[in-house]
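Take a look at the structure set out below.
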Amino acid sequence: MKPVFRIVAEGEDVTAPVGDRLLELRILDAAGIEADTLSLTLDDRDGRLIVPPHQSLVRVWLGMSGPGAGAVPLTPMGAFRVDDTELTGPTRQMRIRATAADMSSAIRAPRTRAWEGVTLGDMLRTIAGEAGLQPEADARLAAYAPGYVAQTAESDLNLLTRIARRVGGIVKPADGRLVLARRGAGTAADGTPLSPVTFPMGAASSWSWRTADRGRYGSVAASWTELGSAAVNTVIVGDGQPRRVLRHVHATEAEAARAAQAALDDARRGAETAQITLARFQPAAFAGARVRFAELRPEWAGDWTVNRAHHVLTDRLVTELDLERPPAPD
């Protein structure tokens, strides 16, 4: 199998000239607020490479060509805007870094306003419309009503992420859409379940697994107060110690319980993590997908959620995955 790629810069196909000088191409596909990124390292042996204009638009496709089941057609990996260029020597190289195009808009600029009497879905639709993006949301998360929300010198993306985190959600601009999805749930943006992708042991060239007590909680407590009452009540999710206590006071018992459950799920995800390098390009293992690995140690059994997928092209094309153990089903 031979890796293949296509690069289009500002509408012009530059695959051939880039291919003659390409040392490394790296794409990061990340879940949540972290921006997807593109990194290109080029051979500037004669000092004749032209520095690309900042904010120029670059689109990338990756694939594998050849006979047999390992072939992967050219797969779109996203659109990126150049925001960092570096020249190094004496071994002359140019490094170009670009950020997902949807993350370069006003959605990351600080704003001040108030939200009242709206659901999280309403907020998503308003902000998506202002940013020229198409909203796409998990119905259960979209129905969440956060009450009065103050947005003070805070970006729209950070605001949505902050509110979505209370109910176990993530928000991410992706390919012209503004997506609200459940973190680690193994579902599409609209809540439709996704089938896990299974890889045999031979698909991996290296791996590591880790479990740690740091950040692990047995339970989470959240407080809430009834409208017009000074009494503060507490709801506890989970059992055992240590117990994390959330500082924010919620408007209802149901809201407090959702926030406590989301915090407990976050702690469980961080307690067991893994990294694996697959022997070749695997576009099906995208950020947010569920994956399984056959015939490894018992610790690897069951589903994993892809937190980050790194697709790396040098003289070969491989996929590196950062994984976390998803929380137990609802």
Side-chain angles (χ1 to χ4, degrees), residues 31-35 102-103 105-174 177-185 187 189-191 217 219-238 243-269 327 330:
I33 194 172
E34 184 179 3
D102 294 324
M103 296 288 279
S105 69
I107 199 170
R108 303 184 75 183
R111 299 188 63 169
T112 297
R113 54 180 163 177
W115 303 80
E116 189 170 11
V118 296
T119 65
L120 181 55
D122 295 331
M123 298 171 67
L124 182 85
R125 285 186 286 272
T126 298
I127 291 172
E130 293 170 347
L133 302 173
Q134 181 67 34
E136 189 171 341
D138 176 278
R140 188 176 70 174
L141 298 182
Y144 169 58
Y148 178 82
V149 176
Q151 181 180 1
T152 306
E154 181 181 19
S155 74
D156 288 338
L157 186 57
N158 191 77
L159 169 74
L160 288 174
T161 299
R162 174 167 63 88
I163 304 304
R165 188 178 291 129
R166 298 181 186 175
V167 286
I170 59 172
V171 176
K172 181 179 179 178
R177 300 169 296 144
L178 186 58
V179 177
L180 168 65
R182 285 183 283 165
R183 181 182 175 189
T187 60
D190 61 2
Y217 298 98
S219 58
V220 176
S223 57
W224 61 283
T225 183
E226 296 183 38
L227 184 65
S229 171
V232 177
N233 307 286
T234 301
V235 60
I236 297 173
V237 173
R243 174 173 295 164
R244 180 184 176 187
V245 178
L246 302 183
R247 291 183 294 176
H248 180 74
V249 178
H250 300 83
T252 66
E253 181 179 9
E255 182 180 334
R258 282 193 294 263
Q261 184 65 60
L264 187 61
D265 288 344
D266 275 346
R268 288 171 175 168
R269 274 188 288 262
D330 295 343

Point-to-point distance, once rounded to the nearest 0.5 Å, from CG of Asp138 to CD1 of Ile170: 10.5 Å
Give a yes or no on whether the backbone of Ala231 and the side-chain of Thr225 come within a donor-acceptor separation of less than 3.5 Å. yes
Between Thr112 and Ala153, which heavy-atom pair has the shortest distance, and what is it? OG1-N, 2.9 Å
Which atoms form the tightest heavy-atom contact between Val249 and Ser223, and what is the distance? CG2-OG, 3.6 Å
Atom CG in Leu178, atom CD1 in Ile127: separation rounded to 0.5 Å? 7.5 Å
Partner residues of Gln151 under the side chain to side chain donor-acceptor pair (under 3.5 Å) criterion, sequence neighbours left out: Arg113, Trp115, Asp156
What is the distance from atom CH2 of Trp224 to atom OG1 of Thr252, rounded to the nearest 0.5 Å? 8.0 Å
Quick one, Leu141 and Leu124 - any side-chain contact, counting heavy atoms below 4.5 Å? no
d(Thr234 OG1, Glu253 CD) to nearest 0.5 Å is 10.5 Å
Are side-chain heavy atoms of Leu133 and Ile107 found at a separation under 4.5 Å? yes
Taking the side chain as C-beta and beyond, is there a heavy-atom pair between Met123 and Leu160 under 4.5 Å? yes
Do Gln261 and Arg258 come close enough that some side-chain heavy atom pair is under 4.5 Å? no
If you compare all heavy atoms of Gly168 against all heavy atoms of Ala262, which two are closest, and at what distance to 0.1 Å? N-CB, 3.3 Å
Heavy-atom check, side chain of Val149 versus side chain of Arg162, under 4.5 Å: yes
Minimum heavy-atom distance Val235-Ala257, with the two atoms named: CG1-N, 3.7 Å
Heavy-atom side-chain proximity of Leu159 to Arg111 below 4.5 angstrom: no
Is any side-chain heavy atom of Val220 less than 4.5 Å from a side-chain heavy atom of Leu246? yes
Arg243 side chain to Ser219 side chain, donor-acceptor N/O pair below 3.5 angstrom: yes
Any idea which heavy atoms bring Pro146 and Ile163 closest together, and the distance? CB-CG2, 3.9 Å
Is it true that the side chains of Asn158 and Thr161 contain a donor and an acceptor less than 3.5 Å apart? no
Of all heavy-atom pairs linking Ala128 and Gln134, the shortest is CB-C, 4.5 Å
Quick one: does Thr119's side chain have a donor or acceptor within less than 3.5 Å of a partner on Ala142's backbone? yes
